[in-house]
Protein chains: 2
Amino acid sequence: MTQSSEQAFLKSYNPKEYDTPIYSVDIAIFTLDQGRLKVLLVERGEHPFKGFWALPGGFVDLKKDPDIHTTARRKLVSKTGVDAPLLEQVSTIGNAHRDPRHWSITTLYMALIPYAPTAEFIEAVNEARWFPIEEIEQLQLAFDHSELLELARERLKNKTAYTVLPIHVLKRPFSLTQLQKAFELLMDTALEKKSFRRRLLNADVLKEVGEGIPEGGKGRPAALYEPADGSESHLFVRVFGD
Amino acid sequence: MTQSSEQAFLKSYNPKEYDTPIYSVDIAIFTLDQGRLKVLLVERGEHPFKGFWALPGGFVDLKKDPDIHTTARRKLVSKTGVDAPLLEQVSTIGNAHRDPRHWSITTLYMALIPYAPTAEFIEAVNEARWFPIEEIEQLQLAFDHSELLELARERLKNKTAYTVLPIHVLKRPFSLTQLQKAFELLMDTALEKKSFRRRLLNADVLKEVGEGIPEGGKGRPAALYEPADGSESHLFVRVFGD
DNA sequence: TGACAATAGTGGCGATTAGCCAATAATAAA
DNA sequence: TTTATTATTGGCTAATCGCCACTATTGTCA
């Protein structure tokens with residue numbers, strides 16, 4: 001390849017000559033509140049599906065976004081006011097019929113955030129609301145967002161089984177009991193107390209930061225923990241066998 | 001939302017009015033040959049990166065492809081002549097700089113196929129070649145395909161640890177020793193013979209179909225296996241602890 | 001025909017881990 | 001002081017892992 005022929009080619013290239021699909025990014029944002037797993041939905045103000053509830057999302061801003069991860073983060077921050085949580089890609093869905101406008105592709109992300117710092121923010125964004133996940137099953141969402149949510153939910157379950165994801169939906173510090181509850185809600189399974197504690201304490205992903213009674217609780221004070229340094233990411237911790 | 005306003009909206013929508021990224025699909029196709037893990041590359045005949053080796057891939061055909069999975073499969077079949085293998089999505093990468101033409105997005109797939117049925121086909125497609133994966137590290141691939149390949153390789157390693165993926169790169173039937181070799185190559189780790197056999201035989205994913213000496217081998221004949229019915233997909237089988 | 005080389009498959013065992021359930025500990029409220 | 005409530009630890013059985021050596025079955029070659 002010569003430098004010059006490459007240059008000449010680039011000058012002659014015009015992306016609008018080709019028939020390309022619509023591309024967007026959607027996010028399933030999960031949190032825990034009052035012992036329930038909740039998902040953030042927004043009400044669509046525009047066609048198509050005007051008035052329907054949908055996952056937050058939108059198009060890439062080619063001027064401002066250096067990459068699609070930034071697009072996802074931008075959407076997340078604009079809806080929740082929170083950055084720096086767990087945000088990861090789940091899957092990309094693209095087909096001819098999911099959007100009535102055109103052949104359409106979306107990359108689905110999921111995010112986990114603690115409830116507290118966002119609640120007031122959400123109240124201010126009047127078209128956004130937290131829904132308990134079971135309630136959403138009754139709703140008809142825009143586009144194929146019900147299926148997208150199902151995909152994100154599955155990924156959440158699976159990944160929870162061998163990583164320490166649930167620390168991201170808790171306010172810090174947290175007790176082991178709170179953490180176990182979080183695991184159980186995200187995985188939708190009951191866990192053995194002793195096995196759970198053994199695993200997590202041996203895995204060296206938590207650091208004890210004191211003792212206290214978690215908010216609104218009674219009974220004996222619990223040891224409180226935070227993620228150990230450098231354990232923010234997806235550390236491998238299998239929480240129950242097979 | 002009224003039926004009529006939705007209709008009116010759709011008529012007025014023209015996808016070419018918006019600035020959208022380029023979208024493509026790429027595939028990392030893995031196989032096993034002569035005890036080596038190999039990847040299929042094609043030589044680019046067009047700009048940009050004309051003359052460079054690249055992962056097979058291309059654009060969605062909005063007329064023919066009902067969805068992006070079909071796009072990936074179409075590319076796979078046209079390069080290898082094989083359908084029906086393991087083909088799954090790895091990740092989607094999109095940013096402003098990966099393609100000199102424009103803001104560009106690609107969805108990366110990976111495929112696993114047995115070597116035999118494809119060898120002759122590949123010979124016929126003169127611009128395609130199997131490369132041992134270590135050799136590719138020396139090569140400069142088109143676009144960001146070196147990074148894409150690295151992503152696929154990582155996914156392959158991780159998934160192999162808790163599924164039965166490697167059965168897809170073997171000709172059938174196969175022996176347990178062959179299967180263990182496949183696991184070891186895909187995971188890039190040595191495994192304990194006894195533990196490996198215990199796991200796989202107890203997991204009920206294999207069906208014994210006879211006995212024989214695998215091609216070109218010596219020594220005692222081995223029991224030969226095929227995947228048990230319904231185990232084609234990603235059965236969970238952890239092959240080694242933590 | 002009888003070693004020997006090569007590969008497949010099994011036995012056995014100490015150490016670790018999972019799963020289970022009950023006992024003990026610390027606090028607030030009555 | 002008692003009781004309710006939640007946290008934490010102890011202890012036991014059964015299953016599993018990792019390790020390594022031993023036995024089994026074939027082809028080959030003197």
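As the structure is a computational prediction, the values presented were derived from the model and not from experiment. Letters go in sequence order (proteins before strands), and every chain restarts at 1.
In this structure, CD of B:E192 is placed 16 Å from P of C:dT10, rounded to the nearest angstrom. Atom CG of B:L224 is separated from atom P of D:dT26 by 13 Å (rounded to the nearest Å). Between the CZ atom of A:F196 and the C1' atom of D:dT8 there is a distance of 14 Å, given to the nearest Å. To the nearest angstrom, P of D:dC20 lies 14 Å from CZ of B:R198. Atom pair B:L191:CG and D:dC17:P shows a separation of 13 Å (rounding to whole Å applied).
Atom CD of A:Q140 has 12 or fewer heavy atoms from other residues, nucleotides or ligands within 6.0 Å. Atom NZ of A:K218 sits in a sparse spot, with 12 or fewer heavy atoms from other residues, nucleotides or ligands closer than 6.0 Å.
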Name the pairs: protein N/O against N/O of nucleotides 3-7 of chain D, kept only if under 3.5 Å.
unit_1, atom_1, unit_2, atom_2, d
D:dT6, O2, A:R220, N, 3.2
D:dA7, OP1, A:T177, OG1, 3.3
D:dA7, OP2, A:T177, OG1, 3.1
D:dA7, N3, A:R220, NH1, 3.1

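Between A:F174 and A:Y225, the distance separating the two ring centers is not shorter than 6.0 angstrom.
Applying salt bridge (Lys or Arg N to Asp or Glu O under 4.0 Å) to A:D33 and the options A:K38, A:R129, A:K171 leaves one that passes, A:K38.
Each of D:dC17, C:dA18, D:dG27 was ranked by its minimum atom distance to the side chain of A:R199; first place goes to C:dA18. The side chain of B:I213 sits closest to D:dT26 out of D:dT8, D:dT26, C:dT27.
Ion pairing between B:R36 and B:E134 holds under the 4.0 Å rule for side-chain N and carboxylate O. Note on B:E88 versus B:K159: salt bridge recorded, some NZ/NE/NH1/NH2 to OD/OE distance being below 4.0 Å.
Between D:dG18 and B:S195, a contact under 4.0 Å exists linking OP1 or OP2 to a side-chain N or O.
No donor-acceptor contact under 3.5 Å links the side chain of B:K194 to the base of D:dG18.
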